[in-house]
2 protein chains.
Amino acid sequence: MGVTTRSRPDVHTAAELIDESLDAGHVCSIVGRCTVAYDGRTQSTLPAGERLVVCKPDGTLLVHHAAGHKPVNWQPPGGTHDITLIDGELHLQSRRDAPDERVEIRFTDLRQVSAYALEEDHDRDVTGSEDDLRQRILEQPTLVEEGFQPRMTERETSAGPVDIYGVDANGTPVIVECKRRRVGPDAVGQLARYVAAAEREYTTKTVRGILIAPSITDRAERELTQHELKWVALDPIHSV
Amino acid sequence: MGVTTRSRPDVHTAAELIDESLDAGHVCSIVGRCTVAYDGRTQSTLPAGERLVVCKPDGTLLVHHAAGHKPVNWQPPGGTHDITLIDGELHLQSRRDAPDERVEIRFTDLRQVSAYALEEDHDRDVTGSEDDLRQRILEQPTLVEEGFQPRMTERETSAGPVDIYGVDANGTPVIVECKRRRVGPDAVGQLARYVAAAEREYTTKTVRGILIAPSITDRAERELTQHELKWVALDPIHSV
DNA sequence: CGTGCCAGGTGCCCT
DNA sequence: AGGGCACTTGGCACG
């Protein structure tokens with residue numbers, strides 16, 4: 001976890017440190033005044049301002065300013081960084097293919113350049129995901145309703161894969177769509193599409209649809225009744 | 001744009017710098033070995049590893065590792081940061097209400113702590129958004145089809161607000177849904193919901209629905225024909 | 001403040 | 001590579 005930092009570096013020192021660090025697989029951070037231009041899926045420009053720029057060896061680029069969770073400009077991994085000196089200014093261009101897009105940062109003032117040798121990281125362990133909710137239902141199908149029997153997960157329909165396919169107490173096919181959080185109309189539309197596709201394809205007269213979610217908005221509930229679908233309240237985090 | 005950096009600081013120096021900097025409205029970055037625990041909308045833990053942590057005075061917290069665009073853990077703005085020293089370790093806890101969630105970072109090794117006084121930033125100027133596409137249609141309605149006349153934007157239905165409401169050459173109501181990029185089944189479902197709601201509410205026998213997008217997936221196109229909807233190819237970036 | 005929806009969404013998995 | 005979808009989605013604008 002070596003750290004190298006240059007305070008108020010001249011452009012040559014900065015360029016060299018960034019180039020060599022990225023080559024070595026280290027993360028770089030640059031603090032200074034810069035303009036940012038993006039051209040790709042859209043186009044955008046950012047006037048001169050003070051920002052914290054982070055470059056990662058995998059091609060990731062992050063431009064952060066004083067506030068906000070999301071970077072004001074960025075590049076996802078997969079691309080390449082290029083450092084050039086033009087008219088005495090440090091330019092950082094990050095390019096990517098598929099989609100073809102680029103971010104160009106021009107620094108007019110460099111306050112600090114650092115490089116961090118960070119080791120590979122482990123994965124995050126998360127509980128409370130939609131998948132956990134699905135597992136909970138598979139282990140305890142009566143949470144959906146009395147007599148429900150799961151038969152298949154990710155069953156394909158022409159409208160997409162169904163979370164849980166099963167049958168109810170009467171043997172009627174049931175499609176279950178799970179959401180880990182409060183749902184709006186989009187989730188109802190998703191379930192409705194699956195049910196409609198299943199009724200066309202499963203050669204069964206009727207297919208029921210059940211939406212599993214901790215809560216539901218009014219508008220979604222209206223959509224739900226219009227499509228003759230059902231909602232069951234269930235939380236992804238198992239209550240003790 | 002003052003910058004303060006401490007290399008391999010002891011925990012007291014680090015805590016003081018972070019506390020005072022955040023109070024002063026500065027952005028902090030911490031590089032070191034740490035564990036991270038999140039509890040809120042889900043729960044997650046991250047084993048000890050080397051990371052770059054960024055705290056902003058607005059409550060934003062970002063935990064980055066050597067790769068990837070998204071932080072491995074984070075906190076959106078609105079919360080508060082709390083620095084404590086426990087058993088000689090630096091702990092950073094970030095709490096937020098609505099939703100109630102917290103991230104706790106425990107540093108076992110501090111390599112660098114920095115503070116950056118970044119001035120307020122301007123907004124980004126973007127072209128090629130969905131709104132640009134909508135504007136383009138309003139200025140040139142025949143791009144949708146010959147005889148189309150826009151009447152209203154964001155018109156409300158019980159299913160949600162309609163991008164553009166208008167009438168076709170025959171005076172039949174038309175609902176136009178704009179997407180800035182290639183669309184999948186979800187967009188068709190959205191349009192279908194609007195059309196169905198409009199047919200219930202506008203007291204008109206028929207309402208047509210037109211999806212505007214640069215391209216469309218096969219499955220979405222199938223859904224489209226099933227709902228008797230139409231697709232018109234149009235790009236958000238005005239081709240010269 | 002909740003509801004609804006866009007976003008350069010990103011990331012993951014599957015075909 | 002493209003499709004389909006979850007995500008601690010985040011962010012904005014509106015009722």
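In the text below, chain A, chain B and the rest are named by the order of the sequence lines, each starting its count at 1.
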K.L.:
What distance, rounded to whole Å, do you find between the two C1' atoms, one in C:dA7 and one in C:dG11?
P.N.:
15 Å

K.L.:
What does B:Gln43 touch in the nucleic acid at a heavy-atom separation under 4.0 angstrom: a base, only the sugar-phosphate, or nothing?
P.N.:
nothing

K.L.:
Using atom C1' in both nucleotides, what's the gap between C:dC6 and D:dC7 to the nearest angstrom?
P.N.:
16 Å

K.L.:
Roughly how many Å apart are D:dT8 and D:dG4, using the P atom of each and rounding to a whole number?
P.N.:
23 Å

K.L.:
For B:Arg134 and C:dC6, give me the distance from atom CZ to atom C1', rounded to whole Å.
P.N.:
9 Å

K.L.:
Tell me what B:Pro161 touches on the nucleic acid: a base, only sugar-phosphate, or nothing, going by heavy atoms under 4.0 Å.
P.N.:
sugar-phosphate

K.L.:
Please give the stem ranges for DNA chain C, sorted by first residue number, where a stem is three or more consecutive Watson-Crick or G-U pairs and both donor-acceptor distances are under 3.5 Å.
P.N.:
C:1-7 with D:9-15, C:9-15 with D:1-7

K.L.:
Given atom CG of B:Asp186 and atom P of D:dC7, what is their separation to the nearest angstrom?
P.N.:
16 Å

K.L.:
Less than 4.0 angstrom from a charged side-chain N to a carboxylate O is my criterion; do B:Glu201 and B:Arg155 meet it?
P.N.:
no

K.L.:
How many Å lie between CD1 on A:Ile216 and C1' on C:dG2, as a whole number?
P.N.:
15 Å

K.L.:
Give the rounded distance in Å between these two atoms: CH2 of A:Trp74 and P of D:dG11.
P.N.:
11 Å

K.L.:
Say whether, by atom type as modelled, one donor and one acceptor occur between the side chain of B:Glu199 and the main chain of B:Val207 under 3.5 angstrom.
P.N.:
yes

K.L.:
Using a cut-off of 4.0 Å on non-hydrogen atoms, how would the nucleic acid contact of A:Glu177 be classed: base, sugar-phosphate, or nothing?
P.N.:
sugar-phosphate

K.L.:
Base of C:dG8, side chain of B:Arg124 - is there a donor-acceptor contact under 3.5 Å?
P.N.:
yes

K.L.:
Counting neighbours of CD on B:Glu228 that are heavy atoms of other residues, nucleotides or ligands and sit closer than 6.0 Å, is the number greater than 12?
P.N.:
no

K.L.:
Distance check needed: C:dC5 C1' versus B:Leu133 CG, whole Å only.
P.N.:
15 Å

K.L.:
Please tell me whether A:His91 and A:Gln93 have a donor and an acceptor in their side chains that are separated by less than 3.5 angstrom.
P.N.:
no

K.L.:
Below 4.0 angstrom from OP1 or OP2 of D:dA6, is there any side-chain N or O of A:Lys179?
P.N.:
yes

K.L.:
Between B:Asp131 and B:Ser129, do the side chains contain an N or O donor and an N or O acceptor separated by less than 3.5 Å?
P.N.:
no

K.L.:
Measure CZ/B:Arg181 against C1'/C:dG9 and give the value in whole Å, please.
P.N.:
7 Å

K.L.:
Contact class for A:Ala159 (heavy atom, under 4.0 Å): base, sugar-phosphate, or nothing?
P.N.:
sugar-phosphate

K.L.:
Using a 4.0 Å heavy-atom cut-off across all strands, classify B:Arg219 as base, sugar-phosphate, or nothing.
P.N.:
sugar-phosphate

K.L.:
When you measure from the side chain of A:Asp121 to the backbone N and O of B:His65, does any donor-acceptor pair fall under 3.5 Å?
P.N.:
no

K.L.:
Using atom CG of A:Leu191 as one end and atom P of D:dA6 as the other, report the distance to the nearest whole Å.
P.N.:
12 Å

K.L.:
For A:Arg193, which contact category applies under a 4.0 Å heavy-atom criterion: base, sugar-phosphate, or nothing?
P.N.:
sugar-phosphate

K.L.:
What contact category does B:Gly160 fall into here, base, sugar-phosphate, or nothing, at under 4.0 angstrom with non-hydrogen atoms?
P.N.:
sugar-phosphate

K.L.:
Does A:Gln190 have a side-chain nitrogen or oxygen under 4.0 Å from the phosphate oxygens OP1 or OP2 of D:dA6?
P.N.:
yes

K.L.:
Report which part of the nucleic acid A:Asn73 touches: base, sugar-phosphate, or nothing (heavy-atom distance under 4.0 Å, all strands).
P.N.:
base

K.L.:
How would you label the contact of A:Pro71 with the nucleic acid (heavy atoms, under 4.0 Å): base, sugar-phosphate, or nothing?
P.N.:
nothing

K.L.:
Should A:Tyr38 be listed as having a side-chain N or O under 4.0 Å from OP1 or OP2 of C:dG9?
P.N.:
no

K.L.:
Quick check: on DNA chain C, is the nucleotide nearest A:Asp218 upstream (toward 5') of the one nearest B:Glu130, or the reverse? Name the residue that is more 5'.
P.N.:
A:Asp218

K.L.:
If you check the A:Arg180 side chain, which of D:dC7, D:dG4, C:dG8 turns out closest?
P.N.:
D:dC7

K.L.:
Suppose we call a contact any N or O donor and acceptor under 3.5 Å apart; does that hold for the side chain of A:Glu154 and the base of D:dG4?
P.N.:
no

K.L.:
Taking any heavy-atom pair under 4.0 Å as a contact, classify A:Glu101: base, sugar-phosphate, or nothing.
P.N.:
base

K.L.:
Could you check whether any side-chain N or O of B:His69 sits under 3.5 Å from a backbone N or O of A:Leu62, counting only pairs where one atom can act as donor and the other as acceptor?
P.N.:
no

K.L.:
Taking the nucleotide of DNA chain D with the closest heavy atom to each, which residue, A:His69 or B:Val103, is nearer the 5' end?
P.N.:
B:Val103

K.L.:
Is there a donor-acceptor pair closer than 3.5 Å between any side-chain N or O of A:Glu50 and the backbone N or O of B:Glu119?
P.N.:
yes

K.L.:
Quick one: B:Arg96 CZ to D:dT9 C1', roughly how many Å, whole number?
P.N.:
11 Å

K.L.:
Suppose we screen for ring-ring contact (aromatic ring centres under 6.0 Å, His included). Which residues come up paired with A:Phe107, at least two apart in sequence or across chains?
P.N.:
none

K.L.:
B:Gln75 near the nucleic acid: base, sugar-phosphate alone, or nothing, with a heavy-atom cut-off under 4.0 Å?
P.N.:
nothing

K.L.:
Just call it for A:Pro76: base, sugar-phosphate, or nothing, with non-hydrogen atoms closer than 4.0 Å on any strand.
P.N.:
base

K.L.:
May I ask you to say whether A:Arg193 pairs ionically with A:Glu177, meaning some side-chain N is under 4.0 Å from a carboxylate O?
P.N.:
no

K.L.:
Between C:dG2, D:dT8, C:dG8, which nucleotide has the shortest distance from any of its atoms to the side chain of A:Arg182?
P.N.:
C:dG2

K.L.:
Let me know, please, whether B:Arg41 or A:Ser158 comes out on the 5' side of the other along DNA chain D by nearest nucleotide.
P.N.:
A:Ser158

K.L.:
Counting any heavy atom closer than 4.0 Å, what does A:Ser129 reach on the DNA or RNA strands: base, sugar-phosphate only, or nothing?
P.N.:
sugar-phosphate

